[in-house]
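Report on one structure; see the data block that follows.
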Amino acid sequence: MRVNVVNGFSDHPEGGNPAGVVYLSEELCAKEKGQQPESGDKKPECLTDIQMQKVASELHFSETAFITRLNDRSFAIRYFTPAAEVPLCGHATIASFSYLYQKGVIDDGVYELVTMEAQLTVEVSEGIIWMEMDAPELQQKLEPEMVRRICAAYELDTEALDETLEVRIVKSGLRDIHVCVRSREDLLRAVQHEEEICRISEELDVVGVHMSCLNLQNTEQITAYCSNYAPLYEIPEECATGTSNGGLTYYLYQKGIIQVDQVNCFLQGEHMNRPSKVYTKVRMEEGRPTVW
């Protein structure tokens, strides 16, 4: 079995978020071309959940994607962190379809992505991957005491919060706590207490915390600066997260801060010296907003 490493959300090796990518149908494709698959006659689809989890644990990337080709226009992907399977991962999806494009498995066009919980659309245009997010939802605002706990877990005062964007849970494939701070300096000086964030994540049934700061001057054409934390899933910090920034996009759209068809750019990973750029947009389809 061949395991690949692909950096999502970057155009150079030093940036972006690395994901493990395993194309389970690659050996079948080789066999159809008269080549010998690397693993003999074993069908790639017969990898067990335990085997996939073991691969992800050994790679120890935030996520590893396992791709199965269903037909010419449809692919199923399962996602594993080092600790557990998750229903969706943005950067690993972008990495997976980029890998398929670079290997010549797919061309520009529209494809179906089948995950554990949803069927989504992926568009490939001149090698750029646009992924439709699962139907986004603004969920509960957090109570003041919980907000104080979260701020303390990052050694931030509540005065550092952006008062126009309340701390709340947003779902876009995954549930995250969204914390918006006033300044880039506050964002960069946050220090996480992992055990407390793990406890809070369990209590609220979320993946983790997505912290952001609006770039109101839009310098460098950046919409917001972001940091993402998911210690409950053995991901202390992640340098690029598609699902979380999809949720942030929907939140800012509902607040009237960004508009339909506007291309937004979120800069993430500065804490980790792996700057990554995640591009998003909101489309209106059949009277409802969708996030890409």
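Partners of Phe9 under the ring-ring contact (aromatic ring centres under 6.0 Å, His included) rule, at least two apart in sequence or in another chain, do not exist in this structure. For Tyr154, the ring-ring contact (aromatic ring centres under 6.0 Å, His included) criterion is met by Tyr229, not counting sequence neighbours.
Asn245 and Thr280 are not linked by any side-chain donor-acceptor pair at a separation below 3.5 angstrom, with hydrogens and angles left out of the test. Judged by distance alone, the side chains of Gln268 and Thr241 do bring a donor and an acceptor atom under 3.5 Å apart.
Considering every non-hydrogen atom in both Phe266 and Leu252, the closest pair reads CE2-CD1, 4.2 Å. Here the closest non-hydrogen pair linking Gly246 and Met133 is CA-CG, 4.4 Å. In plain terms, the two heavy atoms of Glu112 and Gln119 that are nearest each other are OE2-OE1, 3.1 Å. Considering every non-hydrogen atom in both Phe61 and Ala19, the closest pair reads CD1-C, 4.1 Å. Of all heavy-atom pairs spanning Asp108 and Gly127, the tightest one is OD1-N, 3.4 Å. Taking each heavy atom of Gly287 and Met284 in turn, the nearest pair found is C-SD, 3.6 Å.
Counting heavy-atom neighbours within 6.0 Å of Glu145 CD, excluding the residue itself, gives a total above 12. Within 6.0 Å of atom NZ in Lys281, more than 12 heavy atoms from other residues, nucleotides or ligands are found, so the atom counts as buried in its surroundings. Surrounding CD1 of Ile128 are at most 12 heavy atoms belonging to other residues, nucleotides or ligands under 6.0 Å away. When the shell of 6.0 Å around CD of Glu137 is examined, it contains more than 12 heavy atoms from other residues, nucleotides or ligands. Within a 6.0 Å radius of CD in Glu143, no more than 12 heavy atoms belonging to other residues, nucleotides or ligands are found. By the neighbour-count criterion of 12 heavy atoms within 6.0 Å, atom CD of Glu163 is sparsely surrounded, having that number or fewer from other residues, nucleotides or ligands. With a 6.0 Å radius and a threshold of 12 heavy atoms from other residues, nucleotides or ligands, Lys54 has its NZ atom at or below the threshold.
Aromatic ring orientation, Tyr99 versus Tyr23: perpendicular (interplanar angle above 60°, classes split at 30° and 60°).
Cluster membership for Leu70 and Val122, using ILVMFWY side-chain heavy atoms within less than 4.5 angstrom, is not shared. Note on Leu59 and Leu24: same hydrophobic cluster, where clusters join Ile, Leu, Val, Met, Phe, Trp and Tyr whose side-chain heavy atoms are under 4.5 Å apart, directly or indirectly. Grouping the Ile, Leu, Val, Met, Phe, Trp and Tyr side chains by contacts below 4.5 angstrom, directly or via other members, places Ile258 apart from Ile222. Note on Tyr233 and Ile77: same hydrophobic cluster, where clusters join Ile, Leu, Val, Met, Phe, Trp and Tyr whose side-chain heavy atoms are under 4.5 Å apart, directly or indirectly. Hydrophobic cluster membership differs between Met211 and Val170, with clusters built from Ile, Leu, Val, Met, Phe, Trp and Tyr side chains linked at under 4.5 angstrom.
A cation-pi geometry, defined here as NZ or CZ lying under 6.0 Å from the six-membered ring centre and within 45° of its normal, holds between Arg73 and Tyr111.
Between the Ser276 side chain and the Arg274 main chain, a donor and an acceptor come within less than 3.5 Å of each other.
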Acceptor/donor pairs from residues 79-95 side chains to any protein atom, 3.5 angstrom cut, sequence neighbours excluded:
| residue | atom | partner | partner atom | Å |
| --- | --- | --- | --- | --- |
| Tyr79 | OH | Thr93 | OG1 | 2.7 |
| Thr81 | OG1 | Ala83 | N | 3.0 |
| Thr81 | OG1 | Ala84 | N | 2.9 |
| Thr81 | OG1 | Ala84 | O | 3.0 |
| Glu85 | OE1 | Arg78 | NH2 | 2.9 |
| Glu85 | OE2 | Arg78 | NE | 2.9 |
| Glu85 | OE2 | Arg78 | NH2 | 3.3 |
| His91 | ND1 | Asn17 | ND2 | 3.3 |
| Thr93 | OG1 | Cys89 | O | 2.7 |

